[in-house]
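Working notes, beginning with the structure itself.
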Amino acid sequence: MSSIDSAPVAPRRYDLDDLLAIMARLRDPQSGCPWDLAQTFATILPFTLEEAYEVADAIERDDMPELRDELGDLLLQVVFHARMAEERGSFAFAEVVQAICEKLVRRHPHVFADTALDDGAAVREHWERVKAAERARKGAGAAPPGALDGVARALPALLRAEKLQRRAARVGFDWDDAAGVFAKVEEELAECRETLARPAGAPERVHEVGDLLFSCVNLARHLGVDAEQALREAGQRFERRFGAVESRLREAGQAPAAELRDEMERLWGEVKREERD
């Protein structure tokens, strides 16, 4: 065998056209994959949402190799939806690209035209004006669009709450400062306490807890905090601290259990103090 014969074969370099061709092959009615052929927009949607969250997770962990892979998984979701739409005769991937390019150019006149926007705040204000005009054009001939129209219902609840509040604030429906929101949170907390006599799952209890959470999102917004990010970080802290408690229990030959609650509380406080130090 010659040295040329034994040389490793260079991996094929794929591009976006290859990805589109692979997706078309997977969806080919005659020779495609049975699983891919069985999918619809509705069945793929949970995977689309999951991949977006996995991108966020890789970013939060600053894991670049993982981010590369997760972005590929998310891109696959876009290609999958576009392929199904093309099969239906609705639109193709090229039209998706065309639409987003037009939108980016239209919403950045300070880059692609001669409009002067001096800072991030001005850019954001212009962006929102353009989006409002786009929503109005889509609804031409119908009733004028409401201030809250177009906030996707599939967004995570905290993120959607914040977007609704920001939309309302732009038309003047907002608290003057954080002090008013603190009072509202306290009011909603008191109303939650009043539901303690209700059975678990009672509509009144669900309603009041929802109002409390909505008010907390409002407070986060007035304090300049991203509620979704803050809650994710709180979950990560809880996970890390509870893991440390479990580890210390194992070192003592124990495992988490209701009868060890006092000991777990003690260890939890110990872990928190060590983190602060």
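Remember, predicted model here, so these are calculated numbers, not experimental data.
Considering all non-hydrogen atoms of both residues, Cys192 and Thr195 come closest at O-OG1, 2.6 Å. Scanning all heavy atoms of the two residues, the minimum distance from Pro156 to Tyr53 falls at CG-OH, 2.6 Å. What you find for Leu212 and Leu189 is that their closest heavy atoms are CD1-N, 3.9 Å. Of all heavy-atom pairs between Val151 and Arg160, the closest is O-NH2, 3.2 Å. Across all non-hydrogen atoms, the minimal contact from Ala52 to Leu74 is N-CD1, 4.0 Å. Minimum heavy-atom separation, Pro256 to Glu246: CG-CG, 3.6 Å.
For the atom pair Phe80 CZ and Arg27 CZ, the distance stands at 5.5 Å (nearest 0.5 Å). For the atom pair CG (Asp36) and CG (Asp28), the distance works out to 11.5 Å, reported to the nearest 0.5 Å. Of the inter-residue distances, the one linking Glu204 atom CD with Glu191 atom CD reads 12.5 Å to the nearest 0.5 angstrom. Here Glu275 contributes atom CD and Arg241 contributes atom CZ; the two are 4.5 Å apart, rounded to the nearest 0.5 Å. Distance check: Gln254 CD to Glu259 CD gives 9.5 Å after rounding to the nearest 0.5 Å. The NE2 atom of His81 lies 10.5 Å from the CZ atom of Phe47; values are rounded to the nearest 0.5 Å.
When the side chains of ILVMFWY residues are joined at heavy-atom separations under 4.5 Å, either directly or via intervening members, Val79 and Leu37 end up in two distinct hydrophobic clusters. Neither Val225 nor Leu158 shares a network with the other; the hydrophobic side chains, linked directly or stepwise wherever heavy atoms of I, L, V, M, F, W or Y lie under 4.5 Å apart, form separate groups for each. Ile44 and Ile22 fall within a single hydrophobic cluster, where Ile, Leu, Val, Met, Phe, Trp and Tyr side chains are chained together by heavy-atom contacts under 4.5 Å. Connection of Leu20 to Val78 is established within a shared hydrophobic cluster, with ILVMFWY side chains joined at heavy-atom distances below 4.5 Å, either directly or through further cluster members. Transitive grouping of hydrophobic side chains (ILVMFWY, heavy atoms separated by less than 4.5 Å) keeps Val55 and Leu49 in distinct clusters.
Summarising the local packing, CZ of Arg25 is surrounded by 12 or fewer heavy atoms from other residues, nucleotides or ligands at distances under 6.0 Å. In this structure, Glu274 places its CD atom where more than 12 heavy-atom neighbours from other residues, nucleotides or ligands lie under 6.0 Å away. By the 6.0 Å contact criterion, CZ on Arg198 is open, its count of non-hydrogen atoms from other residues, nucleotides or ligands being 12 or less. More than 12 heavy atoms of other residues, nucleotides or ligands sit less than 6.0 Å from atom CZ of Phe112. Enclosure of atom CG in Asp15 by more than 12 non-hydrogen atoms of other residues, nucleotides or ligands within 6.0 angstrom is indicated.
A donor-acceptor pair under 3.5 Å is formed between the side chain of Arg205 and the backbone N or O of Leu196. Of the possible polar contacts, one joining the His108 side chain to the Leu104 backbone as a donor-acceptor pair under 3.5 Å is found. Judged by distance alone, with hydrogens and angles left aside, the side-chain atoms of Arg83 form no donor-acceptor pair with the main-chain N or O of Ala24 at under 3.5 Å.
Lys103 is listed as a side-chain neighbour of Ile100, based on a closest heavy-atom distance under 4.5 Å. Side-chain contact check for Glu162 versus Glu228: every heavy-atom pair is 4.5 Å or farther apart. Inter-residue side-chain proximity for Glu270 and Arg248 is flagged as met; some heavy-atom pair is nearer than 4.5 Å. Between Asp73 and Gln77 there is no side-chain heavy-atom pair separated by less than 4.5 Å. A heavy-atom distance below 4.5 Å is found between the side chains of Phe91 and Val96. A heavy-atom distance below 4.5 Å is not found between the side chains of Glu95 and Glu86. Within the 4.5 Å cutoff, side-chain heavy atoms of Glu263 are placed close to those of Leu249. At least one side-chain heavy atom of Asp211 sits under 4.5 Å from a side-chain heavy atom of Glu208.
Using a 4.0 Å cut-off between charged side-chain N and carboxylate O, Arg221 and Asp174 make a salt bridge. Between Lys184 and Glu187 there is a salt bridge, with a side-chain nitrogen of the basic residue lying less than 4.0 Å from a carboxylate oxygen of the acidic one. Under the 4.0 Å criterion applied to side-chain N and carboxylate O atoms, Asp57 and Arg61 are assigned as salt-bridge partners.
Between Phe242 and Phe238, the two ring planes are parallel [angle under 30°; tilted spans 30° to 60°].
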Q: Check step by step if side-chain contact (heavy atoms from CB on, under 4.5 Å) holds for Leu71 and Leu67.
A: CA-CA 6 Å; Leu71 286 173; Leu67 178 59; 3.9 Å; yes

